[in-house]
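Here the structure is laid out as structure tokens; the discussion comes afterwards.
Counting convention: from 1, in listed order, for ligands and their atoms alike.
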Amino acid sequence: MMFDLVISGGTVATAADTFRADIGITDGRIAALGEGLEGADSIDAGGRLVLPGGIEAHCHIAQESATGGMTSDDYRSGSISAAFGGNSCFIPFAAQHRGKGVTETLDLYDSRAMGASVIDWSYHLIVADPTETVLRDELPAAFARGITSFKVFMTYDLMRVDDAQFLDILTVAKTHGALTMVHAENSGMIAWMTRRLLEAGHTAPRYHAPSHPALAESEAINRAISLARLVDAPLLIVHVSTPEGAGLVHDARLAGAKIFGETCPQYLFLTRDDLDRPGMEGAKFMCSPPLRDTATQEALWRHIQGGTFSLWSSDHSPYRFDDTGKLAKGTDAHFGQIANGMPGIGLRLPLLFSEGVNKGRITLQQFVALSASNAARLYGLPQKGSIAIGMDADIAIWNPQETRTVTVKDQHDNMDYTPFEGRKLTGWPTTVLTRGRRVVEDGRLIATPGDGRFVARERIDLTGHPGATVPELDPATNFGVKVAP
Ligand code: DUC
Ligand code: ZN
Ligand code: ZN
């Protein structure tokens, strides 16, 4: 049998196994795994690892903030830099702003992504204005359109939902099989700390860290988990940055709640000391939640090893170090006026491979799970995230021995800095395919903008997560109220 393309001689790894095999690809799908396969076209993967293409499941692309700032990456540059970082699919956000509908928001993002992305994509929908129409009509319509994850904010005055609105969204999401995601930080604590710091004259970027205390995260995570448990809805806590927060995710999972956790490279590779650079340089390291300390890094590695985190995402939020981004409010701006976020879409996987797999902290199987397989399962992409017959031929070929020093010049995003500058990493993706099509080959861009496709996603796969409605919500137990016989 002649395949369209054969990847030969590589070592294939999935979230379950590592084995030697050729991969036969026809019509964009994996058609065979075997030995001595023949194809009309071929890629020699001798001495390389052949992995499922990464799924970057948390990144901000062509997204305007509620205050009007625009990320510096669009779907062309964002998808290209994702591909150079070993990703064959990504899921940025489509952000609803107050007063706007969900359908018009999704239409807007379609116009930004179509014809621009070099890899397959979907969106998570940020819900900032959960009106009756949104809850009744527009969220179900978004779900029917294949947008099966909704994100809410517990902080940011122009974005946040209150607890009752959060419950409404969790309930609609649960009814349809969608996954709710949450940015969990206590808004009042942040506002209060910010005011106190500014009153004391502390305006420099370094004060961003104390303005977002660890307790603000753990309080909000605890509340978010409680809300999800009340209605027995699945909930993903994004960008967990503290051991306390990770502990809450871990405990909730043990208690049988459908809670999932995500962390990001910045919390394991950088610390709040990075905010302490001269002048405004620290602004490059401002993200929310903020960077913490080295003890946190170690604790978060243990939570990765122990399985607390299902997702490892870049939270790529590209704001340049100029007046289009970090310096939009001038060089005298106080920390509360500076855009939150940092870039890293092209380095998410090399960082984890080098420091995780190569240093023996995690197995190759854990790497594959964190880079692709778990995201595929949680976000309804059953055709992606593994290497098996019938699946999309979304594949990343890695050279596990190659060492490079990270520099902004080698990034493919629209940024003018990388927070990981100067870091020496071993293990890099060299070739990436989406649906059997070369996107990047041996470090060269092959695909053209528009080659990527929108992927309509399915409901979250909750196999292995039993339900547990609380008595107070269960009509079958008379809402937990005993009635005299
Ligand atoms: N939250 C994110 O998820 N990304 C960037 C900034 C933020 O607050
Ligand atoms: Zn967030
Ligand atoms: Zn984010």
Legend entry - Residue H183 atom name (nearest to the Zn ion (ligand 2); N/O/S): ND1
Inset, instruction - Please tell me if the side chains of F153 and K151 come closer than 4.5 Å, counting only heavy atoms from C-beta onward. - result: yes
Inset, instruction - Establish, yes or no, whether a centroid distance under 6.0 Å links the rings of H60 and H316. - result: no
Inset, instruction - Any atoms of ligand 1 less than 4.0 Å from a non-hydrogen atom of K151? List them with their elements. - result: 2 (C), 3 (O)
Inset, instruction - Begin from the C-alpha positions of R136 and D168 and carry the test salt bridge (Lys or Arg N to Asp or Glu O under 4.0 Å) through to its verdict. - result: CA-CA 10 Å; R136 189 190 55 228; D168 281 337; over 6 Å; no
Legend entry - Numbering as shown, the atoms of ligand 1 that approach H183 to under 4.0 Å (heavy-atom distance): 1 (N), 7 (C), 8 (O)
Inset, instruction - Could you see which bit of M286 sits under 4.0 Å from ligand 1, with heavy atoms only: side chain, backbone, both or neither? - result: neither
Inset, instruction - Answer yes when D293 and R272 have at least one side-chain N-carboxylate O distance shorter than 4.0 Å, and no when they do not. - result: no
Legend entry - Option with minimal heavy-atom separation from atom 4 (N) of ligand 1, where the choices are D315, V238, V182: D315
Legend entry - Sole residue of L311, L370, I237 in side-chain contact (heavy atoms from CB on, under 4.5 Å) with E262: L311
Inset, instruction - For the atoms NE2 of H60 and NE2 of H58, give the angle they form at the Zn ion (ligand 3), rounded to 10 degrees. - result: 110°
Legend entry - Mode of S317 contact toward ligand 1 - side chain, backbone, both, neither (heavy atoms, under 4.0 Å): side chain
Legend entry - Distance-minimising heavy-atom pair for H183 and S288: CE1-O, 3.6 Å
Legend entry - Aromatic ring proximity, centroids under 6.0 angstrom, H465 and F260: yes
Legend entry - Element-labelled atoms of ligand 1 that are located less than 4.0 Å from some non-hydrogen atom of S288: 1 (N), 7 (C), 8 (O)
Legend entry - H239 atom (N/O/S) at minimal separation from the Zn ion (ligand 2): NE2
Inset, instruction - For this output row, return yes or no: ring centroids of F367 and W398 closer than 6.0 angstrom. - result: yes
Legend entry - H58: numbered ligand 1 atoms lying under 4.0 Å from its heavy atoms: 2 (C), 3 (O)
Inset, instruction - Flag yes if more than 12 heavy atoms outside R453 fall under 6.0 Å of its CZ atom; otherwise flag no. - result: no
Inset, instruction - Provide, to 0.1 Å, the distance between atom 8 (O) of ligand 1 and the closest protein heavy atom, together with that atom's residue and name. - result: Y156 OH, 2.4 Å
Legend entry - H239, any N or O under 3.5 Å of ligand 1 N or O: yes
Legend entry - For the Zn ion (ligand 3): the N/O/S atom of D315 at shortest distance: OD1
